[in-house]
Amino acid sequence: MLSNYHRDKSFEHLSLLAFLKPVFGSKINSTMLPIVDYESSDSESDTETRSAHLVAMPALPTFFSPGQYSTRKCNDPFLTQVADGLFCETASSSRDDPAKHQGRVRTKPHTVNSWATHVYFEIPGGSEIRRIIEHVTAADKRIHGMDYSDGSPENLLHVSLSRCIFLKEHQLDSFARAVCEEVADCPSVSIAFAMVSVLTNDEKTRSFITAEIGSGYDQLLSILQSVDRVMERFRQPIFYKPPRFHASIAWSLEPEPLEAAVGTIPAEMLDELTADSHTISSLIVKMGKRIVRMPLRPKAGS
């Protein structure tokens, strides 16, 4: 899930301190259920996790790339440390001012050395998504679109395979490695959206119009079980049961405007949404501003 609003930042100093050993790896409805909502901390991003258009130093062979999605195999070396404070920010009172963020509020207080961590995959936000966003935002000023547009990295739909959890810095490498090992044998998946629904986050601070996945659900469920095993190993909560794999496309502080708007979406827009299929060939683990792409096993014959 859910993914949303990062600021650009250039990182100028990256120190490669050590490498670990290589790792070897083995249709419309308005049901109100929990939804993944991205959290933040001063140890990482100060806004909800959706975009990652940050500038990386191209000459450095980092596993964690603050500016690019890094695709690594499980037997590649993992970067163990980076320069102190590289991914940290100084707290400021304006950051938590709801008036500056369309009424959104931080749902978890800042804690030092607490890295918001999330496992998800991406789907391009095509014209069918844009048309639905334009329709629902025009219906009510209280509805805000997620601004998916041309398929660039910061505008891709996010579909969650974990809740947003919080890890300590010393756990980040081992968590990423564990996810990589667990999903290494999971095959790529073809998915398609099946319906539009309204969901709300755990804290009841925001509600979302979402596109829910139908085709490919069972295969995603198998991948989710692998991710859940890692969560249990790290004593973190597993994903919602039963899972509803979805991408958020619009949000509001209250569910009522969304429910009303969903009921007005033209049938042809919904048909366009459900007609396209997408191949998921990798997962992403995002830990603060550290982003790691985990490849799935190619399908036989591909």
Side-chain angles (χ1 to χ4, degrees), residues 1-7 28-52 89 91-112 114-120 125 129 132-133 136-137 139-148 154 157-167 196-212 231 236-263 286-289:
M1 83 105 101
L2 292 172
S3 286
N4 300 352
Y5 321 106
H6 275 66
R7 295 172 299 182
I28 297 174
N29 84 44
S30 56
T31 306
M32 302 299 292
L33 288 180
I35 193 172
V36 170
D37 201 9
Y38 300 106
E39 294 290 355
S40 62
S41 164
D42 286 340
S43 296
E44 36 83 34
S45 167
D46 66 326
T47 55
E48 293 181 44
T49 305
R50 176 174 60 84
S51 62
E89 296 177 330
S92 64
S93 59
S94 63
R95 290 175 52 197
D96 293 325
D97 183 358
K100 297 181 181 294
H101 303 286
Q102 298 172 303
R104 289 172 289 147
V105 296
R106 182 193 293 271
T107 57
K108 180 179 175 63
H110 163 65
T111 303
V112 174
S114 180
W115 295 72
T117 299
H118 189 225
V119 183
Y120 61 96
I129 294 290
I132 292 177
I133 292 175
V136 298
T137 54
D140 195 309
K141 293 181 179 180
R142 294 172 291 177
I143 300 176
H144 309 277
M146 305 297 275
D147 193 28
Y148 300 117
E154 64 270 25
L157 300 169
H158 288 184
V159 179
S160 292
L161 290 171
S162 79
R163 301 178 189 240
C164 182
I165 64 170
F166 292 85
L167 299 174
V196 171
S197 59
V198 175
L199 305 177
T200 191
N201 63 7
D202 283 336
E203 298 78 16
K204 305 297 189 291
T205 58
R206 286 205 297 166
S207 295
F208 300 81
I209 294 177
T210 71
E212 292 203 50
M231 294 297 174
Q236 297 291 337
I238 62 175
F239 203 54
Y240 305 102
K241 304 297 181 185
R244 296 176 67 173
F245 303 115
H246 62 273
S248 294
I249 60 178
W251 65 274
S252 177
L253 297 177
E254 302 170 346
E256 291 79 12
L258 303 180
E259 294 171 325
V262 162
K286 191 172 194 307
M287 298 163 285
K289 291 189 177 78

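Not measured: the values here are computed from a predicted model.
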Minimum heavy-atom distance Ser248-Leu157, with the two atoms named: O-CD2, 4.3 Å
N/O donor-acceptor pair under 3.5 Å between Ser252 side chain and Arg142 backbone: yes
Rounded distance (nearest 0.5 Å) linking atom CD1 of Ile165 with atom NE2 of His118: 10.0 Å
Shortest non-hydrogen contact from Met146 toward Ile133: N-CD1, 4.3 Å
Distance, nearest 0.5 Å, that separates NZ of Lys286 from OG of Ser162: 12.5 Å
Qualifying residues under salt bridge (Lys or Arg N to Asp or Glu O under 4.0 Å), relative to Lys241, sequence neighbours excluded: Asp228
Flag for Ser197-Thr210: side-chain donor and acceptor within less than 3.5 Å: yes
Phe208 side, atom CZ; Ile249 side, atom CD1 - distance, nearest 0.5 Å: 12.0 Å
Taking every non-hydrogen atom, the tightest pair across Trp115 and Gly288: CE3-CA, 4.0 Å
Side-chain donor/acceptor of Thr200 to backbone N/O of Arg206, under 3.5 Å: yes
Closest contact, heavy atoms only, Ile143 versus Thr137: O-CG2, 3.7 Å
Val262 vs Val136, side chain to side chain contact (heavy atoms under 4.5 Å, CB included): CA-CA, chis, key distance, verdict: CA-CA 7 Å; Val262 162; Val136 298; 5.6 Å; no
Residues forming a side chain to side chain donor-acceptor pair (under 3.5 Å) with Glu256, sequence neighbours excluded: none
Straight-line distance of Tyr240 OH to Asp202 CG, nearest 0.5 Å: 3.5 Å
Distance in Å, His144 NE2 paired with Leu258 CG, rounded so as to fall on 0.5 Å steps: 9.5 Å
Distance, nearest 0.5 Å, that separates CG of Leu167 from CE of Met287: 8.0 Å
For the student: nearest non-hydrogen atoms of Phe166 and Gln236, plus distance: O-NE2, 3.5 Å
